[in-house]
Trainee: 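Have a look at the structure that comes next, please.
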Amino acid sequence: MIRADPLPASSPPLPLMPAWALPGGPVEHATDAAFFAGAALTSLDILVRSEPAWAGAWRQRLALKCAVAAVRLAGRSEDEAALRDAWYLRPADGDPGPAGSILAAWRQLASRPPAIDVARLAEVVDQLGLRWDDGFADLPGAIDDVVRAGRPAPFTAAAAASRVVALSPGAELLAWWCADLVLAQKLRWPRPVPLLMAQAFALAFRTGDGRAKRIRPGEQREFERAACLALAQGADDALRLAAELSRRAERLAAVMPKLRAKGAGEVIKKLLNDDAISGSLTTKTLSRFAARRLFERLQQLDAVRELSGRTTFRLFGL
């Protein structure tokens, strides 16, 4: 029998993004862009503070989307499926490879409080495949100064990213990582919500008709405006994903009484707290064969999705 706390039969109503919180065309001025960002982040803040049962899976799926963009920025070609394979199919405590390590940086961003010190910074720099720069030792203090400057959250996040590339021009990946961490600090969120990296190649960061050069951290005036617009779009994307996961979590709650596998409760918790689970998962109470049967049962009940598209080495998630 399941030995996990039962999920609520239905989740509280999720906040919706107001239609007017997304621009309907080009936005020329940073003040207008800040208005859109503020409206969007207000809706997202309501969701973050409600901390639904599936918040872990939500953050980790957003982390995956950010990692896809980060891998592209690093000059690699891995997509979501390849990143999942690198992370979930590696041996226990095994090296996930360069792309998987980039994913690890965004996974730890999403799972830890938004605090930074030299030790954590060194860990992230290594995960992102960057070389340590002596200036990085001063970065935690510089970020603290940016946060204390009192500017609104979107501008603070943009300023933090720009401060990183001012210290080390080749550390753009780290700049995006720090931007989401600082945003969470300013909004007093318990854990960051990965947003900005996923928008790095979006229209918000393109000049002219959208086909010209990409606006990068450090191009301060343009970057602040673009970051505000990207946060509005990122918040909307995050809320849409939340609505999708909320429906799936409700379905999972509905089928829980039908599950009889010993150890099923632990699997349910993992599904709610991570982007994916290996179909060959084993625990103290669940054998590989029992796990395979449990996932087949959950699939039959339309309570999980198979994410790899394969018949072997399968991955499951909400």
Side-chain angles (χ1 to χ4, degrees), residues 44 48 54-90 93-117 119-130 136 139 143 157-158 160-161 164-165 170-185 187 189-202 205 216-217 227 230-231 233-235 237-238 241-242 245 270 273-277 307 315 317-318:
L44 189 61
V48 170
W54 39 265
W58 176 64
R59 284 190 176 92
Q60 291 302 338
R61 197 152 294 175
L62 290 171
L64 176 64
K65 294 181 183 300
C66 283
V68 171
V71 164
R72 178 182 173 187
L73 184 60
R76 303 185 63 88
S77 60
E78 287 86 351
D79 59 8
E80 284 191 9
L83 285 173
R84 279 196 178 108
D85 284 354
W87 185 257
Y88 294 104
L89 300 184
R90 76 192 195 284
D93 298 322
D95 183 357
S101 293
I102 290 175
L103 172 60
W106 262 270
R107 285 179 60 85
Q108 66 112 312
L109 173 72
S111 61
R112 300 186 196 175
I116 189 72
D117 56 20
R120 186 179 184 188
L121 185 63
E123 178 186 0
V124 174
V125 166
D126 181 63
Q127 289 171 328
L128 295 176
L130 303 175
F136 287 158
L139 190 55
I143 287 176
V164 173
V165 295
E172 187 179 342
L173 282 177
L174 181 63
W176 291 107
W177 190 94
C178 288
D180 274 331
L181 180 133
V182 165
L183 183 73
Q185 285 188 6
L187 296 176
W189 288 347
R191 284 178 296 282
V193 178
L195 295 173
L196 277 167
M197 181 75 256
Q199 302 295 322
F201 295 96
F205 290 107
R216 292 172 168 81
L231 282 171
Q233 185 60 59
D237 292 346
L241 176 62
L245 294 181
K270 288 179 179 294
N273 284 291
D274 207 346
D275 166 56
I277 302 176
L307 301 173
L315 299 171
L318 288 181

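Each residue takes its place number in the sequence, starting with 1. None of the values given here were measured: they were computed from a predicted structure. When reading the values below, keep in mind they use all heavy atoms of this one structure, side chains included, and skip hydrogens, waters and symmetry mates.
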Trainee: Under a 3.5 Å distance rule, please check whether D180 uses its side chain to pair with a backbone N or O of L196 as donor and acceptor.
Mentor: yes

Trainee: Mind checking side chain to side chain contact (heavy atoms under 4.5 Å, CB included) for V68 and listing every partner two or more places apart, or none if nothing turns up?
Mentor: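 Here the qualifying residues are E80, L83.
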
Trainee: Which heavy-atom pair separates L195 from A235 by the least distance, and what is that distance?
Mentor: CD2-N, 4.3 Å

Trainee: Which heavy atom of P190 sits nearest to which heavy atom of V48, and what is that distance?
Mentor: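 Scanning both residues, the minimum pair turns out to be CD-CG1, 4.2 Å.
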
Trainee: Under a 3.5 Å distance rule, please check whether R84 uses its side chain to pair with a backbone N or O of A81 as donor and acceptor.
Mentor: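 A pair under 3.5 Å: no.
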
Trainee: Does R59 reach the main-chain N or O of V193 with its side chain, forming a donor-acceptor pair under 3.5 Å?
Mentor: no

Trainee: How close do Q199 and G234 get, heavy atom to heavy atom, and via which atoms?
Mentor: NE2-CA, 3.7 Å

Trainee: Would you find a donor on one side and an acceptor on the other, under 3.5 Å apart, between the side chain of R61 and the backbone of L318?
Mentor: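 Such a contact is found between R61 side chain and L318 backbone.
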
Trainee: How long is the gap from CG on L44 to CG on L187, to the nearest 0.5 Å?
Mentor: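 These two atoms lie 8.5 Å from each other.
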
Trainee: Quick one: closest heavy-atom pair of P217 and V165, and the distance?
Mentor: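 Closest heavy-atom pair between P217 and V165: O-CG2, 3.3 Å.
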
Trainee: Check step by step if side chain to side chain contact (heavy atoms under 4.5 Å, CB included) holds for S101 and D126.
Mentor: CA-CA 8 Å; S101 293; D126 181 63; over 6 Å; no

Trainee: Rounded to the nearest 0.5 Å, what's the gap from CD on Q127 to CG on L173? Could you check?
Mentor: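 These two atoms lie 12.0 Å from each other.
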
Trainee: Got a second to check how far L89's CG is from L315's CG, nearest 0.5 Å?
Mentor: 5.0 Å

Trainee: CG of L128 to CD of E172: how many Å apart, nearest 0.5 Å?
Mentor: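 Result: 11.5 Å between the selected atoms.
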
Trainee: Measuring from atom CD of Q60 to atom CG of L109, what distance do you get when rounded to the nearest 0.5 angstrom?
Mentor: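 Separation between the atoms: 9.5 Å.
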
Trainee: For L103 and A63, work out which heavy atoms get closest and say how close.
Mentor: CD1-O, 4.2 Å

Trainee: With side chains defined as the heavy atoms from C-beta onward, is the minimum distance between L62 and W106 less than 4.5 Å?
Mentor: no

Trainee: Do W177 and I116 have side-chain heavy atoms sitting under 4.5 Å apart?
Mentor: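 In contact.
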
Trainee: Would you indicate whether the side-chain heavy atoms of L139 and I143 approach each other to under 4.5 Å?
Mentor: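 Yes, side chains in contact.
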
Trainee: Go through the structure and list residues passing side chain to side chain donor-acceptor pair (under 3.5 Å) with R76, not counting sequence neighbours.
Mentor: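 With neighbours one apart ignored, the set is E78.
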
Trainee: Please list, chain by chain and in numerical order, all residues satisfying ring-ring contact (aromatic ring centres under 6.0 Å, His included) with F205, sequence neighbours excluded.
Mentor: W176, F223

Trainee: Hey, does the side chain of W54 reach the backbone of A242 with a donor-acceptor pair shorter than 3.5 angstrom?
Mentor: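 Flag not set: sc W54 to bb A242 has no pair under 3.5 Å.
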
Trainee: I need the minimum non-hydrogen distance between A227 and A158, along with the two atoms involved.
Mentor: CB-CB, 4.0 Å

Trainee: Show your working on side chain to side chain contact (heavy atoms under 4.5 Å, CB included) between W87 and D275 and close with a plain yes or no.
Mentor: CA-CA 11 Å; W87 185 257; D275 166 56; over 6 Å; no

Trainee: Please round to the nearest 0.5 Å and tell me the distance separating atom CZ of R112 and atom CZ of R120.
Mentor: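 Those atoms lie 5.0 Å apart.
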
